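In this text, all values refer to a predicted model and were calculated from it rather than measured experimentally. Order of appearance sets the numbers: ligands from 1, and atoms from 1 within every ligand.
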Amino acid sequence: MRQPLVVGNWKMNGSLKQTSELLGSIDDNISDKMACEVGVCVPFVYLAAAVQAKTKLAIGAQTVSEYEAGAYTGEVSAMMLADVGCQWVLVGHSERRVLFGEQDQPLLAKTLAAQQAGLVPIYCVGESEVQYKAGDTFKVIKQQVNSLLADSAVDLSRLVLAYEPVWAIGTGLTATPDEAQKVHAFIRQLVAASSVSLAAKLRILYGGSVKADNAALLFAQKDIDGGLIGGASLDAEAFISICQRA
Ligand code: PGA
């Protein structure tokens, strides 16, 4: 059995005060006994404060450097993230891929750096609107997932995958539960080609305009193990009800 996981992605939003308030309201309304594991990925500068708030939520970062240390102005290493108590890190979110030109090879290096530091990478894949409309979803996903699987140094037992159709992120559009399930099953099949047992254990999250009212149907799909939540994770009430649905 895979434990459901819901992870909020705050993106570049909030302030120190909002970080503490939002974490506090979420924490007050989730229980240790909840079936689902809950985490939030906050901006770098608020990570330490978020960890120090000592909530039931696991704290994650939104990206990480592929380098260990040294002359890389502006970068934050995986060791630094682990050092402040961070447990998760998003790798290859579509906004990083599209807006900051991150490509498969450096993303692989980031994944390995995260794992070496003891962090769990949440590796994001997803097709663009043009690719979706051209019917290339499975082709794109296969290429993105296989580039990750091609490196035998990646430890699939300490990794989460997230399928986020780029056209669904922040747009209010979502893949239908059936459409999403097909892609999730396909991803699991690709992983099974490397290891059947790891594929069975691997958590695959769905992301892209998940809200309280569409979460239940999405999470009910056999191969959808929870969600990566952007916009709705900035609203404590909406985020909590999504967690309850998982
Ligand atoms: P959204 O974002 O829920 O606002 O669509 C999802 C994400 O970017 O991870």
Item to complete: Decide, yes or no, whether a salt bridge links Glu127 with Lys133 under the criterion of side-chain N to carboxylate O below 4.0 Å.
Response: no

Worksheet item: Taking non-hydrogen atoms only, is Asn9 closer than 4.0 angstrom to ligand 1 via side chain, backbone, both or neither?
Response: side chain

Practice prompt. Enumerate the atoms of ligand 1 whose separation from the nearest heavy atom of His93 is less than 4.0 angstrom.
Written response: 7 (C), 8 (O), 9 (O)

Practice prompt. Could you walk me through whether Glu37 and Arg203 pass the side chain to side chain contact (heavy atoms under 4.5 Å, CB included) test, one step at a time?
Written response: CA-CA 12 Å; Glu37 193 178 352; Arg203 291 188 286 186; 2.9 Å; yes

Worksheet, complete the sentence: heavy-atom search around atom 3 (O) of ligand 1 in the protein gives Gly230 N, 2.9 Å

Fill in: Close approach, Ala168 and ligand 1, non-hydrogen under 4.0 angstrom
yes

Worksheet item: When you check the side-chain N and O atoms of Trp10 and Gln62, is any donor under 3.5 Å from an acceptor?
Response: no

Item to complete: With heavy atoms of Gly170 as the reference, note each atom of ligand 1 found under 4.0 Å away.
Response: 1 (P), 4 (O), 5 (O)

Discussion item. Suppose we measure from atom 4 (O) of ligand 1 to each protein heavy atom; which comes out shortest, and what is that distance?
Written reply: Gly231 N, 2.8 Å

Item to complete: Describe, in one word, how the ring planes of Tyr206 and His184 are oriented to each other, choosing from parallel (under 30°), tilted (30 to 60°) and perpendicular (over 60°).
Response: tilted

Discussion item. For a salt bridge (Lys or Arg N to Asp or Glu O under 4.0 Å) check, start with the C-alpha distance between Asp225 and Arg188, then their side-chain angles and the critical distance, and finish with the verdict.
Written reply: CA-CA 11 Å; Asp225 305 309; Arg188 205 176 297 287; 2.8 Å; yes

Item to complete: May I ask you to identify the nearest protein heavy atom to atom 9 (O) of ligand 1, giving residue, atom name and distance to one decimal place in Å?
Response: Glu164 OE2, 2.6 Å

Discussion item. Looking at ligand 1, is there an atom of it that comes within less than 4.0 Å of some heavy atom belonging to Lys211?
Written reply: no

Discussion item. Could you check whether any side-chain heavy atom of Leu161 comes within less than 4.5 Å of a side-chain heavy atom of Leu205, counting everything from C-beta outward?
Written reply: no

Worksheet, complete the sentence: Here the atoms of ligand 1 under 4.0 Å from any heavy atom belonging to Gly208 are 5 (O)

Fill in: Heavy-atom gap Gly207 to ligand 1 smaller than 4.0 Å
no

Worksheet item: Which of the atoms of ligand 1 are close to Ser209, meaning less than 4.0 Å from one of its heavy atoms?
Response: 1 (P), 3 (O), 5 (O)

Worksheet item: Is it true that Arg96 and Glu102 have a side-chain N and a carboxylate O under 4.0 angstrom from each other?
Response: yes

Discussion item. The criterion is side-chain hydrogen bond (donor to acceptor under 3.5 Å, both in side chains); which residues satisfy it with Glu66, sequence neighbours excluded?
Written reply: none

